[in-house]
Amino acid sequence: NAGVTQTPKFQVLKTGQSMTLQCAQDMNHNSMYWYRQDPGMGLRLIYYSASEGTTDKGEVPNGYNVSRLNKREFSLRLESAAPSQTSVYFCASSSTGQETQYFGPGTRLLVL
Amino acid sequence: GENVEQHPSTLSVQEGDSAVIKCTYSDSASNYFPWYKQELGKRPQLIIDIRSNVGEKKDQRIAVTLNKTAKHFSLHITETQPEDSAVYFCAARRGGGADGLTFGKGTHLIIQP
């Protein structure tokens, strides 16, 4: 089992460009999450999906959209990147009834 | 919404000594409290968690205590070793659903040889 995987590992964007961060899990988990991590700020929830077909906003959703493509995949889209979105993005998943969240390796995004 | 405060932001201890990291939370409906360890450039990894129906949980050198009345919980690491050096995050979540975690800002634990 690969667990939670994320692509790409690293990306540089110019202000205004768009991109999609991909996340997939092979643990048959129902719930998936996107967090961002900034220095000194801990991790903050962007969006989450309790189950296939549903998505909800987290603490910092502005500037992002998500798609729960199927049970395995949950993508995060930046339509018009801004320097304030420079961060490390982590995807996580958990199983219904099991509260442990398992994290992917992260995507480092630099917006110039 | 939930707010989690974590202290201290940096903690330096001598190898072999104990380390204690403290967190407070604001939402009395929170009932799940995990602790994650993150090494430089790596993903957060769960080291221990506790649910609100339990006051203390121990796993070898690591223990977590929870005081629901005061809304605070703590991580205790005994007999610290160099490999314990990392950033530790506490978090809180309401149970029963699939809500995400609310994290503290982290504690950088430094183990001095």
Side-chain angles (χ1 to χ4, degrees), chain A residues 2-6 9-10 23 25 27 29-61 64 66 68 71 74 76 88-108, chain B residues 1-10 21 23-27 29-54 57 59 64 66 75 86-108:
Chain A
V4 181
T5 57
Q6 293 183 235
K9 286 188 171 58
F10 181 71
C23 174
Q25 50 88 15
M27 296 178 282
H29 286 171
N30 290 314
S31 303
M32 297 185 74
Y33 309 85
W34 277 106
Y35 294 89
R36 62 177 286 174
Q37 184 175 32
D38 304 298
M41 292 294 292
L43 289 89
R44 292 181 292 170
L45 182 67
I46 304 171
Y47 270 94
Y48 66 100
S49 171
S51 60
E52 189 178 351
T54 69
T55 61
D56 285 286
K57 294 179 180 180
E59 181 186 352
V60 289
Y64 305 95
V66 291
R68 183 74 183 267
K71 190 171 185 179
F74 188 37
L76 179 73
V88 181
Y89 291 85
F90 287 100
C91 177
S93 69
S94 66
S95 179
T96 302
Q98 298 291 327
E99 290 159 307
T100 302
Q101 292 189 16
Y102 298 90
F103 283 81
T107 293
R108 293 183 177 276
Chain B
E2 176 65 277
N3 182 49
V4 176
E5 299 281 344
Q6 183 172 348
H7 298 282
S9 56
T10 304
I21 302 170
C23 290
T24 60
Y25 62 99
S26 61
D27 188 348
S30 290
N31 63 2
Y32 174 64
F33 307 94
W35 286 87
Y36 283 83
K37 176 183 180 182
Q38 187 179 32
E39 296 174 346
L40 189 62
K42 301 289 182 64
R43 75 189 79 189
Q45 302 230 317
L46 180 73
I47 55 171
I48 196 167
D49 57 12
I50 191 167
R51 289 162 180 81
S52 60
N53 58 348
V54 175
K57 184 177 178 180
D59 183 3
V64 57
L66 172 66
L75 178 71
V87 179
Y88 292 80
F89 293 95
C90 63
R93 205 202 80 174
R94 290 184 172 202
D99 293 359
L101 296 167
T102 299
F103 284 84
K105 293 185 178 181
T107 295
H108 186 194

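Note on naming: letters A, B, ... go to the chains in the order of the sequence lines (proteins, then strands), and numbering restarts at 1 for each one. What you see is a predicted model; the values in this text were computed from it and never measured.
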Kindly check if the number of other-residue, nucleotide or ligand heavy atoms within 6.0 Å of OH (A:Y64) is above 12?
-> yes
Just give me the residue among A:G104, A:S49, A:G106 that pairs up with chain B most often, heavy atom to heavy atom, under 4.5 Å.
-> A:G104
Which bit of A:Q37 is near chain B, if near means a heavy-atom gap under 4.5 Å: side chain, backbone, both or neither?
-> side chain
Is chain B contacted by the side chain of A:Y47, its backbone, both, or neither, given a heavy-atom distance below 4.5 Å?
-> neither
With a 4.5 angstrom heavy-atom cut-off, could you sort out which part of A:F90 is near chain B: side chain, backbone, both or neither?
-> side chain
Would you mind checking which part of A:S94 comes under 4.5 Å of any heavy atom in chain B, side chain (CB onward), backbone (N, CA, C, O), both or neither?
-> neither
Answer with side chain, backbone, both or neither: which region of A:R108 has an atom nearer than 4.5 Å to a non-hydrogen atom of chain B?
-> side chain
Scanning both residues in full, the closest heavy-atom pair of A:P105 with B:R43 reads CB-NH2, 3.6 Å
Report the distance from atom CZ of B:F103 to atom CD of A:E59, rounding to the nearest 0.5 Å.
-> 11.0 Å
So, the part of B:Q38 with a heavy atom under 4.5 Å from chain A: the answer is side chain
Here the gap from A:Q101 atom CD to B:R93 atom CZ, rounded to the nearest 0.5 Å, amounts to 6.5 Å
Answer yes or no: does atom NZ of B:K37 have more than 12 heavy-atom neighbours from other residues, nucleotides or ligands under 6.0 Å?
-> yes
Residue among B:L101, B:L46, B:D49 with most heavy-atom pairs under 4.5 Å to chain A = B:L101
Smallest separation among heavy atoms of B:D99 and A:Y48, with atom names = OD1-OH, 3.2 Å
Against chain A, label B:P44 side chain, backbone, both or neither, depending on which of its atoms sit under 4.5 Å from a heavy atom there.
-> both
Let me know if A:V88 has heavy atoms under 4.5 Å from chain B in its side chain, its backbone, both or neither.
-> neither
